[in-house]
Amino acid sequence: MVSDKRNSPGGDGGEPYGRPLRHRVLVAMVGVATLAVALFAIPLAVSMQRRYHDETAAALGRDATWIAAVVPDEVVRSSVTSTWLPKGLPSRLVVGFYAADGAKISGGGPSRSDVAADARDGHVHEAVENGFLAVAAPIPSDEKLTGSVRVATPYQAVRDRVHRAWLAMAGLAVVVVGLAAVFALRQSARLAAPLEHLTTSAQALGSGDFSIRAPRSDVREANAAGLALEATARRLGDMLDRERAFSADVSHQLRTQLTGMLLGLESALGRPDADLPGAIRTAVARGERLQTIIEDLVRLTRDSRTSGAEPLDVRALLEEITGDRRATLAEDGRRLTVSLPEEPPEVEASPAAVRQILHVLLDNAAIHGKGEIIVDVSDLGDGVAIEVTDQGDGISEGVDVFARRSGDGKGHGIGLALARSLAEAEGGRLILRRPAPPVFSLLLPTR
């Protein structure tokens with residue numbers, strides 16, 4: 001089987017996920033610095049070599065012109081083999097006198113010189129001959145040009161001067177590149193450190209740590225990514241907490257309904273005079289209600305947003321919920337009254353969510369309350385209030401009925417906490433408007 005290595009870490013034989021940013025920044029910055037130094041130094045080195053050559057040739061030209069001006073032309077015309085030279089000439093200077101055809105008459109230098117022959121045109125000429133930088137100047141005469149003075153110095157001296165300058169430039173270039181490398185190391189560390197911290201935070205987030213805090217740096221983009229990662233971690237943590245709480249609430253709701261159905265059947269089986277058909281009908285009704293609860297909870301779990309999924313008919317929903325409760329309450333001598341406007345407005349909320357909220361409120365009123373249970377629907381203009389009240393003793397002062405019961409016994413229960421979370425998920429509110437007699441008010445926005 002042929003595997004695709006392009007998307008696999010280290011599939012190309014290199015480092016996993018490519019080369020580190022530190023290495024890339026270092027190589028890039030040092031490379032740019034080296035290229036800049038080279039582009040600047042090479043032309044400068046060539047220019048410096050040319051300058052030193054021209055300076056030496058100009059000095060030799062001045063010396064040759066000086067000698068040609070003070071030495072009598074008889075030296076060339078009469079082929080005098082020895083003559084005096086001006087004082088102050090450099091010690092390494094080689095001076096020779098040449099005829100017009102370039103043949104040496106006296107002094108130092110080669111027996112024949114092309115640069116000396118070129119001086120017969122009356123101008124100063126220069127050239128490199130036999131390892132010497134030579135300059136020839138014509139000797140002035142009243143008659144025709146009879147010869148020239150050739151002045152030369154070892155060309156190695158010029159090379160040595162150029163090489164010393166190049167060596168100094170190379171040392172300076174090394175210093176510049178070294179400083180660039182140090183700066184690149186610091187800059188690469190400054191750029192890579194925030195990304196490495198983000199990687200560590202992302203790995204911690206993947207391990208389930210939703211309290212991550214990415215360190216701040218002076219890199220704006222890295223700080224923005226860190227803030228986004230922190231916000232994502234908080235949202236994921238909140239979402240996971242809500243999912244866990246919702247799962248616990250769902251389990252509670254299902255266990256409550258199932259326990260009630262089982263207790264009713266067991267009670268009927270344990271009494272010889274029990275109305276078995278009635279008990280079965282009650283169990284069937286509770287089973288259907290349990291099925292409805294399961295379908296609602298599954299629908300609420302799958303929907304990412306239930307608000308506005310479908311219009312809610314408040315009248316039809318209340319008739320569905322209260323229809324099977326009236327008979328049960330009547331057996332205990334209690335009544336269930338529903339008060340509705342003639343044309344209740346359409347509510348922008350999920351029927352499944354509102355159904356579960358009202359089941360919780362009616363269950364609490366039936367189990368913990370007394371007397372008549374009243375469901376009153378009021379049109380608030382931009383919303384609807386559905387209030388459930390009974391004639392019981394109500395809620396003690398200071399008790400938070402919406403707090404979940406914890407392991408230490410604090411809290412009121414799970415049902416009301418689930419109801420409040422469902423109401424808030426639908427953009428509404430569930431409040432305890434009056435503690436005694438208790439009045440729970442469900443506020444929902446209209447369409």
Side-chain angles (χ1 to χ4, degrees), residues 12-66 89-94 114-115 118-119 123-137 150-199 216-225:
D12 57 353
E15 299 180 15
Y17 308 106
R19 290 183 297 173
L21 179 62
R22 294 174 184 264
H23 183 263
R24 287 180 178 271
V25 173
L26 176 61
V27 171
M29 296 189 69
V30 172
V32 170
T34 303
L35 180 61
V37 169
L39 292 177
F40 176 76
I42 292 176
L44 181 60
V46 174
S47 175
M48 187 171 294
Q49 180 185 21
R50 185 63 184 171
R51 177 187 176 186
Y52 287 167
H53 174 92
D54 292 345
E55 286 182 353
T56 304
L60 292 176
R62 287 193 299 270
D63 292 337
T65 303
W66 182 22
L89 294 175
S91 60
R92 300 179 64 181
L93 204 63
V94 178
D114 293 334
V115 70
D118 293 338
H123 299 285
V124 177
H125 291 269
E126 68 169 270
V128 178
E129 291 182 334
N130 301 327
F132 284 80
L133 177 60
V135 176
R150 177 184 181 274
V151 179
T153 189
Y155 195 65
Q156 186 61 40
V158 179
R159 291 196 184 96
D160 291 342
R161 186 182 180 191
V162 172
H163 291 165
R164 287 193 298 271
W166 284 358
L167 185 61
M169 291 176 59
L172 182 60
V174 171
V175 172
V176 171
V177 174
L179 291 176
V182 173
F183 177 76
L185 283 173
R186 297 189 61 182
Q187 190 72 2
S188 63
R190 186 180 72 87
L191 294 175
L195 300 181
E196 292 170 352
H197 293 154
L198 286 177
T199 301
R216 299 294 179 263
S217 66
D218 55 351
V219 181
R220 178 184 298 179
E221 291 77 6
N223 290 338

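Predicted model only: the values in this text are computed from it and were never measured. Numbering starts at 1 and runs along the sequence shown.
If you take OG1 on Thr153 and CG on Asp63, they are separated by 9.5 Å, rounding to the nearest 0.5 Å. To the nearest 0.5 angstrom, Ile42 atom CD1 is 9.5 Å from Met169 atom CE. Between the OG atom of Ser188 and the CZ atom of Arg24 there is a distance of 13.0 Å, given to the nearest 0.5 Å. Within the model, atoms CG of Leu26 and CD of Gln187 stand 11.5 Å from one another, a figure rounded to the nearest 0.5 Å. Separating the CZ atom in Phe132 from the CG atom in Leu93 is a distance of 10.5 Å, to the nearest 0.5 Å. Here the CG-CE distance, from Leu185 to Met29, works out to 9.5 Å after rounding to the nearest 0.5 Å.
Atom CZ of Arg190 has more than 12 heavy atoms from other residues, nucleotides or ligands within 6.0 Å.
Salt bridge Glu126/Arg150: absent, no basic N to carboxylate O contact under 4.0 Å. Checked for salt-bridge contact, Arg50 and Asp54 meet the test: a charged N lies under 4.0 Å from a carboxylate O.
Below 30°, between 30° and 60°, or above 60°: for Trp166 and His163 the angle between ring planes is between 30° and 60°, a tilted geometry.
Side-chain N or O atoms of Thr65 include none that pairs as donor or acceptor with a backbone N or O of Arg62 at under 3.5 Å. Side-chain atoms of His125 come within 3.5 Å of backbone N or O of Asp118 as a donor-acceptor pair. Checked by atom type and distance alone, the side chain of Glu129 never pairs as donor or acceptor with a backbone atom of Ala134 at under 3.5 Å. No donor-acceptor pair under 3.5 Å is formed between the side chain of Ser47 and the backbone N or O of Pro43.
The minimum heavy-atom distance between Ala152 and Leu60, with the atom names listed, is C-CD2, 4.5 Å. For the pair Val30 and Ala184, the tightest heavy-atom approach, listed with the atom from each and the gap, is CG2-CB, 4.5 Å.
Inter-residue side-chain proximity for His53 and Tyr155 is flagged as met; some heavy-atom pair is nearer than 4.5 Å. With contacts defined as side-chain heavy-atom distances shorter than 4.5 Å, the pair Val151/Val94 does not qualify. Contact check for Glu55 versus Arg161: side-chain heavy atoms found under the 4.5 Å cut-off. Side-chain contact check for Val135 versus Val115: every heavy-atom pair is 4.5 Å or farther apart.
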Determine, stepwise, if the pair Phe40 / Leu44 fulfils side chain to side chain contact (heavy atoms under 4.5 Å, CB included). CA-CA 6 Å; Phe40 176 76; Leu44 181 60; 3.9 Å; yes

